[in-house]
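So the structure is just underneath, and the comments pick up after that.
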2 protein chains.
Amino acid sequence: MSLPHAILTALLEKPSSGLALTRRFDRSIGYFWSATHQQIYRELGKLEQAGFIRALPSAQPSRGQKKEFEVLPAGRAELTRWASGEQDPKPIRDALLLRLRASAVVGRDGLDAELRRHLTLHRGQLAEYQEIEDRDFGAATAPEDRLRRLVLRAGIGLETFWVEWLEEALAEVTQMEGVTGPGDDAGG
Amino acid sequence: MSLPHAILTALLEKPSSGLALTRRFDRSIGYFWSATHQQIYRELGKLEQAGFIRALPSAQPSRGQKKEFEVLPAGRAELTRWASGEQDPKPIRDALLLRLRASAVVGRDGLDAELRRHLTLHRGQLAEYQEIEDRDFGAATAPEDRLRRLVLRAGIGLETFWVEWLEEALAEVTQMEGVTGPGDDAGG
DNA sequence: TTAGACATGTAATGGGTTACATGATTGT
DNA sequence: ACAATCATGTAACCCATTACATGTCTAA
């Protein structure tokens, strides 16, 4: 149950409309918690019902009209409660690793191309993060900035890990080239 | 749509009953794709319907009776197709990072305790992985073993990243101690 | 014959994804 | 008038999670 809290955080940082939130979830917040506009609108409705947020008085309540939300004290309290509680980390759930394990059984056809593709994607993401760090956190000292920088550095660390691991994986798979494996149809 | 393929992979490695699969998802496979027994039973039903797997003839079809499954050629073909296709990596979705960002807005109460708790959990998981690597992959040379080792090394790399990042985060947060931040109720 | 472990399954709920629908605003 | 874009919203489907239900086997 993190999406409502992601939205509360975003709205505390800056009151916004549903579409503006969607845009922000495509940028900074989406870097560690993605969401589509449908999820966001549905959740905004629930949060309003629960009394955690309200539409800014200026906004007309009609379809197609912009409608901005702000967080109410109850919403801030709920976010504080959630942020200060306990929550176990979720186990890894990664399809590429699963496909690697499957490749060990049914053969490595197309595997190195896919690894190369992922390597390119992760290098791009890493470059994007590093650009943000250089631009926005040159000499951050305020506590909020330090925490936000920590979050960004997690993204950088994760992408760095993937780049290094993919390079290692490619080296291994390339080395196996020509070697008979199950399902490769090279050895019966 | 990875769970059915995870099950096909597991069944190709060794035909099993639903409960036996559940056990294996708690160990090796679950290290990168977790699933509960309910998910597994439901998916086994679908896979059987689709003609990808079948119950071993020996198994009686009654409730409470063990029922073992094996993969049919169509199932192997489907797994091959899936493993050799393209699939983009999913964006990061991590509640702890979200809570850190929320802490930047509502205050850091209880944050360092939670970071310490996560650090302990990740250190434990890392030790478990390294034990498996030492025990099972002392001098692996077969292609399948190399791929399985690569998967394990991804787990090790990820846990290593988290341990290092959490240490960095703890140092930062400890350094902020006593410094006024939003919602800390130390500065109004 | 009862308790406990083994084994499979149903039901309810909620989140995530995709496709589609509707209205408002702006520029030409 | 028209098209494009902005903006909000509905509907359907699937997956994941949790709680619960049912039957079998084994051994005290």
Side-chain angles (χ1 to χ4, degrees), chain A residues 1-8 10-11 15-26 29-30 32-50 53-56 58-69 82 87-95 98, chain B residues 1-8 10-11 15-26 29-30 32-50 53-56 58-69 82 87-95 98:
Chain A
M1 270 249 308
S2 298
L3 180 56
H5 303 98
I7 292 178
L8 287 173
L11 287 181
S16 309
S17 67
L19 191 62
L21 276 177
T22 303
R23 297 264 158 75
R24 290 169 65 195
F25 270 83
D26 285 341
I29 297 172
F32 48 91
W33 201 274
S34 63
T36 64
H37 80 273
Q38 290 88 344
Q39 286 175 269
I40 289 169
Y41 282 118
R42 199 193 322 167
E43 207 60 45
L44 283 172
K46 287 189 200 170
L47 287 169
E48 194 177 19
Q49 280 268 313
I53 64 174
R54 66 162 185 180
L56 286 180
S58 63
Q60 291 97 342
S62 111
R63 195 177 186 129
Q65 289 286 93
K66 195 160 69 175
K67 193 173 163 191
E68 298 211 303
F69 291 94
W82 176 79
Q87 237 180 290
D88 284 351
K90 281 205 158 186
I92 304 165
R93 221 128 190 289
D94 188 279
L98 199 53
Chain B
M1 271 249 306
S2 297
L3 179 57
H5 303 97
I7 291 178
L8 286 173
L11 288 181
S16 310
S17 68
L19 191 61
L21 276 177
T22 304
R23 298 261 158 76
R24 290 169 65 195
F25 270 83
D26 285 341
I29 297 173
F32 49 92
W33 201 274
S34 63
T36 63
H37 80 273
Q38 291 86 347
Q39 285 175 269
I40 289 169
Y41 282 119
R42 195 189 333 156
E43 208 59 47
L44 282 173
K46 286 190 201 169
L47 287 169
E48 193 177 19
Q49 281 268 312
I53 63 174
R54 67 162 184 180
L56 285 182
S58 63
Q60 290 95 345
S62 111
R63 194 175 185 131
Q65 290 287 91
K66 195 159 72 175
K67 195 173 163 191
E68 298 210 304
F69 291 93
W82 177 80
Q87 236 179 293
D88 284 350
K90 280 204 155 188
I92 304 166
R93 220 127 192 284
D94 187 279
L98 200 52

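By convention in this document, chain letters (A, B, ...) are assigned in the order of the sequence lines, proteins followed by strands, and residues within each chain are numbered from 1.
- Between the CG atom of A:L19 and the P atom of C:dT22 there is a distance of 20 Å, given to the nearest Å.
- Contact between B:G18 and B:Y41 at its shortest, heavy atoms only, is CA-CE2, 3.7 Å.
- Of all the heavy atoms in B:F25 and B:A6, the pair that sits closest is CZ-CB, 3.8 Å.
- As judged by a 4.0 angstrom heavy-atom cut-off over every strand, A:S17 is placed among residues touching the sugar-phosphate backbone only.
- Note: CZ (A:F25) to C1' (C:dT17) measures 16 Å, nearest angstrom.
- Atom CD1 of A:I7 and atom P of D:dT8 are 13 Å apart (whole Å).
- Look at CD1 on A:I40: it is 11 Å from P on D:dT8, rounded to the nearest Å.
- Among all heavy-atom pairs drawn from A:R24 and A:A10, the shortest one is NH2-O, 2.9 Å.
- Atom P of nucleotide D:dT24 and atom NZ of B:K67 are separated by 14 Å, given to the nearest angstrom.
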(message) For a quick check, with a 4.0 angstrom heavy-atom cut-off, what is the B/S/- contact string for nucleotides 14-19 of chain D, read 5' to 3'?
(response) -SBBBB
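- As rounded to whole Å, 16 Å separates atom C1' of D:dG23 from atom NZ of B:K66.
- Using a 4.5 Å heavy-atom cutoff, the side chains of B:L11 and B:L21 are in contact.
- Summarising the geometry, atom CD belonging to A:Q38 is positioned 8.5 Å from atom CZ belonging to A:R42; distances are rounded to the nearest 0.5 Å.
- Distances shown here put a side-chain N or O of B:Y41 below 4.0 Å from the OP1 or OP2 atom of C:dT8.
- Nucleotide C:dT8 holds its C1' atom 13 Å from the CG atom of B:L21, rounded to whole Å.
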(message) Set out, in order, the CA-CA distance, both residues' side-chain angles and the distance that settles side-chain contact (heavy atoms from CB on, under 4.5 Å) for B:R23 and B:S16, then state yes or no.
(response) CA-CA 10 Å; B:R23 298 261 158 76; B:S16 310; over 6 Å; no
